[in-house]
Peer 1: 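Just dropping this structure here.
None of these values were measured; they are calculated from a predicted model. The analysis underlying the following values was restricted to heavy atoms, covering all of them including side chains, and did not include hydrogens, waters or symmetry mates. Proteins get letters first, then strands, A, B, ... in listed order; numbering begins at 1 in each.
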Amino acid sequence: MRVATWNINSVGARLPRLLEWLESAAPDVLCLQELKSTADAFPYEAVQALGYEVAAHGDGRWNGVAILSRVGLDDVVRGLDGGPDYEGVQEPRAVSATCGPVRVWSVYVPNGREVAHAHYAYKLEWLKALKAAVADDAAGDRPFAVLGDYNVARADTDVWDIKLFEGATHVSALERAAIDELEAGGLAEVMPRALKYDVPFTFWDYRDLGFPKNKGMRIDLVLGNPAFNAAVKDSYVDREARRGKGASDHAPVVVDLEL
DNA sequence: ATGGCTAGCCGTGCTAGA
């Protein structure tokens, strides 16, 4: 089966691209982030017409996550139980579901903005709460993975020029340690293979010709438990989906499993 | 050309993204 994750940067603006990608890549399960729509405003009918069930979790103009599945969609949980508030609100940044033989989480980890910003502390707290929330599934025998936009570049080579990131978020030691901590709960990364370039970046900023110059970052990750990772046959970043007009600033990460 | 940001919102500029 094929499982994928994609930060689509608005499901409304990206709908034609999303439908096209569902048809061409034909994932069995797709985790989406940054819906930028309420759950009610999700384009259910268009997606269902392609054979997918949908679990969406969103509340408006920011954030929002979803899981699309054509192999079953059960035991849906919206939100991150025990997760921190930001400015008094529990933001819609996580949704989980069982899709046939696998259980998946779709996560949109807070950005952090600046190291000194309250959003950064919130990001670290959020990752800590995520570890606690997935502990049982991570340690279980059922194939399990947490897929999404982690907003963390784990290695210096996961950004196009580490010198430009001095003192910035996404590359700081505490953020990287928080991902290591999440893995310590029983998960390990599924590494996508490199395609045109050595590093399989997943994000390229719209500004300053980020994509043509390959000024990218590898921040969309798949963390699986041993049962999930043992079934992995291939993984790649579909950078073709980043090309051209009307693209998201993120590309999908695809994982093929023998399940 | 893979091309100089993009999306959403009561908006006519601002916030957020990373």
Peer 1: Is N151(A) near enough to dA18(B) that one of its side-chain N or O atoms lies under 4.0 angstrom from OP1 or OP2?
Peer 2: yes

Peer 1: Under 6.0 Å between ring centres: does that hold for Y120(A) and H117(A)?
Peer 2: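 No, the ring centres sit 6.0 Å or more apart.
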
Peer 1: Of G60(A) and R113(A), whose closest DNA chain B nucleotide lies nearer the 5' terminus?
Peer 2: G60(A)

Peer 1: Say you pick atom P in dT15(B) and the same atom in dG11(B); how far apart are they, in whole Å?
Peer 2: 13 Å

Peer 1: Looking at W21(A) versus W6(A), is the centre-to-centre ring distance below 6.0 Å?
Peer 2: yes

Peer 1: Round to a whole Å and report the spacing from CG of D158(A) to P of dA18(B).
Peer 2: 16 Å

Peer 1: Name the nucleic acid region contacted by D205(A), choosing base, sugar-phosphate or nothing; use a 4.0 angstrom heavy-atom cut-off, strictly under.
Peer 2: nothing

Peer 1: Salt-bridged, K36(A) to D59(A), with N to O below 4.0 Å?
Peer 2: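 D59(A) and K36(A): not salt-bridged.
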
Peer 1: Measure from CZ on F203(A) to P on dT6(B) and round the result to the nearest Å.
Peer 2: 13 Å

Peer 1: Show me the dot-bracket string of DNA chain B, counting Watson-Crick or G-U pairs under 3.5 Å, with | for pairs to another strand and [ ] for crossing ones.
Peer 2: ....(((((...))))).

Peer 1: Without decimals, in angstroms, what is the distance between K213(A) NZ and dG3(B) P?
Peer 2: 13 Å

Peer 1: In this structure, which one of D234(A), D28(A), D256(A) forms a salt bridge (charged side-chain N to carboxylate O under 4.0 Å, His left out) with R2(A)?
Peer 2: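 Only one of D234(A), D28(A), D256(A) forms a salt bridge (charged side-chain N to carboxylate O under 4.0 Å, His left out) with R2(A), namely D256(A).
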
Peer 1: Hydrophobic clusters here meaning ILVMFWY residues chained together by side-chain heavy-atom distances under 4.5 Å, can you tell me if Y44(A) and L15(A) are in one?
Peer 2: yes

Peer 1: NA contact type, Y150(A), heavy-atom cut-off 4.0 Å: base, sugar-phosphate, or nothing?
Peer 2: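 Nothing, no nucleic acid heavy atom in range.
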
Peer 1: Does R14(A) put a side-chain nitrogen or oxygen below 4.0 Å from OP1 or OP2 of dA7(B)?
Peer 2: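 Yes.
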
Peer 1: Looking at every strand, decide which applies to S10(A) at a 4.0 Å heavy-atom threshold: base, sugar-phosphate, or nothing.
Peer 2: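 Sugar-phosphate, no base atom in range.
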
Peer 1: Please give the distance between the C1' atoms of dC10(B) and dC14(B) as a whole number of Å.
Peer 2: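 Per the computed distance, 12 Å lies between those C1' atoms.
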
Peer 1: What is the separation between atom CG on N111(A) and atom P on dG17(B), rounded to the nearest whole Å?
Peer 2: 5 Å

Peer 1: Are E53(A) and R70(A) within salt-bridge range, i.e. N to O under 4.0 Å?
Peer 2: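 Here E53(A) does not pair with R70(A) in a salt bridge, since their nearest N and O are not under 4.0 Å apart.
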
Peer 1: Looking for any heavy atom pair under 4.0 Å, which part of the strands does N7(A) touch: base, sugar-phosphate only, or nothing?
Peer 2: sugar-phosphate

Peer 1: Please give, in whole Å, the distance from dA16(B) C1' to D149(A) CG?
Peer 2: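 About 13 Å, once rounded to whole Å.
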
Peer 1: Taking NE2 from H250(A) and P from dA7(B), how many angstroms apart are they, rounded to a whole number?
Peer 2: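 Those two atoms, NE2 and P, are 13 Å apart.
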
Peer 1: Would you mind reading off the distance between Y86(A) atom OH and dA16(B) atom P, rounded to a whole angstrom?
Peer 2: 7 Å

Peer 1: Which residues, if any, of residues 238-248 of chain A bring a heavy atom under 4.0 Å of DNA chain B?
Peer 2: R243(A), G244(A)

Peer 1: What's the gap between dA18(B) and dA7(B) when it is taken at their C1' atoms, as a whole Å value?
Peer 2: 15 Å

Peer 1: In plain terms, say whether R103(A) and D137(A) are close enough for a salt bridge, that is, a side-chain N and a carboxylate O under 4.0 Å apart.
Peer 2: yes

Peer 1: Rounding to an integer number of Å, can you tell me how far K36(A) NZ sits from dA7(B) P?
Peer 2: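 The answer, rounded to whole Å, is 8 Å.
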
Peer 1: Ring of Y108(A), cation from R93(A) - is the NZ or CZ under 6.0 Å from the centre and inside 45° of the axis?
Peer 2: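 Yes, a cation-pi geometry holds between R93(A) and Y108(A).
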
Peer 1: Drop me the distance from L35(A)'s CG to N7(A)'s CG, to the nearest 0.5 angstrom.
Peer 2: 9.0 Å

Peer 1: Where each residue is assigned the nucleotide of DNA chain B containing its nearest heavy atom, which of I219(A) and Y206(A) is assigned the position nearer the 5′ end?
Peer 2: Y206(A)

Peer 1: Is a salt bridge present between E183(A) and K131(A), judged by a nitrogen-to-oxygen distance below 4.0 Å?
Peer 2: no

Peer 1: Between dG3(B) and R207(A), counting only base atoms on the nucleotide and side-chain atoms on the residue, is there a donor-acceptor pair under 3.5 Å?
Peer 2: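 Per atom types, no contact qualifies.
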
